[in-house]
Amino acid sequence: MFALADCNNFYASCERVFQPRLEGKPIVVLSNNDGCVIARSNEAKVLQVAMGAPYFKIQPYVQQEGIAVFSSNYALYGDLSHRVMQVLSGFAPRVELYSIDECFLDFTGLPQDLSGYGLQICKTVKQWTGIPISIGIAPTKTLAKLANRLAKKGYSANGPVVDWRNIADTDAVLAATALDDLWGISRRTAVKLQALGIDNALALRRADPKRMRQQLGVVMERIVYELQGQSCIPLEAMPPPRKQILTSRSFGEKLSSFNDLRAAVSHFAARSAEKLHRQHLATSVLCVFVATSPFDTRNPSYSNSATTVFNQPTQAAADLIQAAHQGLQRIYKPGFSYQRAGVILPDLQPMAWAQKSLFAERDTNELQDTLGQINRRYGKNTVRYASEMLSQRWHMRQQFKSPSYTTQWAELLAVRA
DNA sequence: TCTGGGGTCCTAGGACCC
DNA sequence: TCTGGGGTCCTAGGACCC
């Protein structure tokens with residue numbers, strides 16, 4: 001048995017935890033750079049604010065309806081996510097942290113009233129973290145996802161928990177479920193299925209798995225079995241190590257000068273090194289890329305990337321920054337308005353396995369450790385690489401960002417009694 | 001003026017091995 | 001007339017997830 005615990009409108013709920021006056025009010029959260037809508041409270045959904053809507057297009061409507069607007073605050077969301085996951089971990093022998101706001105729990109062999117247990121979990125998470133969650137329970141992950149969807153839509157009168165086995169007429173529920181509301185099926189694939197005469201989840205459950213495999217691949221075959229109640233997608237309590245690390249941003253304004261771009265990619269390289277270090281990984285390859293805006297039709301467009309292979313796998317920021325800089329020199333062309341850049345580490349391996357060079361002159365890991373310690377102790381960005389500080393112009397627009405309530409001492413909430 | 005930032009997996013085809 | 005059988009690795013592109 002699986003349970004899927006999913007935070008309700010997670011980013012919007014995070015903002016609400018520290019601004020309870022927004023309870024019952026419409027909220028939207030914007031992507032980096034305040035570009036487009038990436039999260040909506042239920043009230044904002046009722047007002048028909050579309051997911052992914054560019055903010056500049058809906059701004060008048062947002063003001064007219066008095067919708068509260070927030071820039072993304074990942075320090076806050078990440079920290080609250082961690083707290084929610086901590087609480088959830090106490091309720092099952094094994095859990096899989098599936099995304100920032102979702103967690104699968106292994107419910108195998110637990111006492112029988114799983115719905116009651118689920119309600120207790122929701123209540124505890126809400127009380128201890130302030131975040132409302134919903135839970136779906138089923139014998140497969142795909143069905144647990146679907147049960148969770150039902151729970152969110154208020155299917156159960158008892159509260160935000162649905163146990164698939166307690167549904168009287170699952171055929172009716174499946175018949176009323178659109179294909180692209182299922183986990184793993186997008187719009188595109190739904191259209192392909194419809195061309196084969198399958199137009200809802202019930203029809204898909206009744207399809208022949210072997211035929212589905214032939215026509216749409218092994219992924220679709222698994223979905224059919226999962227809908228039938230046969231589990232094919234196991235719980236992954238131990239996340240496999242990352243295969244790739246990517247750090248990129250769109251800029252707050254278009255950039256043209258080499259030094260502006262250099263500051264940006266230096267920063268991305270340094271952040272990538274931190275990610276490597278945290279996950280005890282090393283990389284043997286770095287790829288740096290730059291691009292103009294895909295939406296800008298008036299100015300000439302350009303995008304390119306450069307790849308550097310290291311003599312030995314590294315996790316040192318100094319190595320990554322140097323490689324990013326050299327790569328940038330190879331692909332930079334003056335005269336373009338760059339909108340975005342990034343650093344990709346596509347070939348990761350555990351640091352402990354990294355093959356050292358016979359001729360290595362230095363071990364940069366000690367330096368990396370020391371820098372990390374200083375920044376943890378005295379605060380983010382206490383020490384930085386100079387090339388990161390050549391320019392600030394690439395920094396994101398974050399006009400509506402709330403304080404980092406839980407991760408910065410200076411931004412702690414003050415409460416008057 | 002203005003449109004995110006991460007990830008993973010599968011498949012097909014080509015190159016190469018014995 | 002008639003030309004094997006079994007693998008791996010890599011890459012690009014497509015698709016999906018949050």
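Every chain is numbered from 1 and lettered A, B, ... according to where its sequence line falls, protein lines coming before strand lines.
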Any side-chain N or O of [X] less than 4.0 Å from the OP1 or OP2 oxygen of [N]?
X	N	answer
A:Lys254	B:dT1	no
A:Ser99	C:dC17	no
A:Arg340	B:dG5	yes
A:Ser72	B:dG5	no
A:Arg249	B:dG6	yes
A:Arg222	B:dC10	yes
A:Lys145	C:dC18	yes

Spacing of [X] atom [atom1] relative to [N] atom [atom2], expressed in whole Å:
X	N	atom1	atom2	value
A:Arg213	B:dC10	CZ	C1'	11 Å
A:Leu345	B:dT8	CG	C1'	17 Å
A:Tyr11	B:dG5	OH	C1'	9 Å
A:Arg393	B:dT1	CZ	P	18 Å
A:Arg397	B:dG4	CZ	P	10 Å
A:Glu253	B:dT3	CD	C1'	17 Å
A:Tyr77	B:dG4	OH	P	16 Å
A:His395	B:dG4	NE2	C1'	17 Å

*Cationic N near anionic O, under 4.0 Å, A:Arg271 to A:Glu388*: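 Judged by the 4.0 Å cut-off on N to carboxylate O distance, A:Arg271 and A:Glu388 do form a salt bridge.
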*asked:* Regarding A:Lys145 and A:Glu102, does a basic nitrogen lie under 4.0 Å from an acidic carboxylate oxygen?
replied: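 Here A:Lys145 pairs with A:Glu102 in a salt bridge, since their nearest N and O are under 4.0 Å apart.
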*Of A:Gly217 and A:Ile245, the one whose closest DNA chain B nucleotide lies more 5'*: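 Here A:Ile245 is the residue nearer the 5' end.
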*Between A:Lys275 and A:Gln59, which has a closest nucleotide on DNA chain B that is more 5'?*
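By nearest-heavy-atom nucleotide position, the 5'-most residue is A:Gln59.
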*Is it the case that A:Lys254 places NZ or CZ above or below the six-membered ring of A:Tyr338, under 6.0 angstrom from the centre and within 45 degrees of the axis?*
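No, cation not above the ring by the 6.0 Å, 45° rule.
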Do we see a donor-acceptor contact under 3.5 Å between the side chains of [X] and [Y]?
X	Y	value
A:Asn299	A:Ser337	no
A:Asn259	A:Ser257	no
A:Ser387	A:Ser266	yes

Return the nearest nucleotide to the side chain of [X]; candidates are [options].
X	options	result
A:Ser248	B:dC2, B:dG6, B:dT8	B:dG6
A:Val218	B:dC10, B:dT3, B:dG5	B:dC10
A:Cys36	B:dG7, B:dC9, B:dG4	B:dG4
A:Lys243	B:dG4, B:dC9, B:dG7	B:dC9
A:Ser250	B:dG5, C:dC17, B:dG7	B:dG5
A:Ser186	B:dG6, C:dC17, B:dT8	C:dC17
A:Leu246	B:dG7, B:dC10, B:dG4	B:dG7

_Strictly by Watson-Crick or wobble contacts shorter than 3.5 Å, is anything paired with C:dC18, and which nucleotide is it?_
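C:dC18 is paired, partner B:dG5.
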*When the aromatic ring centroids of A:Tyr11 and A:Phe70 are compared, is their separation below 6.0 Å?*
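No, they do not, as the ring centres are separated by 6.0 Å or more.
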Need one value for [X]: base, sugar-phosphate or nothing, where a base atom within 4.0 Å counts as base even if backbone is also close, heavy atoms only.
X	value
A:Ile185	sugar-phosphate
A:Tyr55	nothing
A:Asp34	nothing
A:Leu182	sugar-phosphate
A:Asn32	sugar-phosphate
A:Ser293	nothing

*What distance, rounded to whole Å, do you find between the two P atoms, one in B:dT3 and one in C:dC18?*
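My reading of the P atoms in B:dT3 and C:dC18 gives 25 Å.
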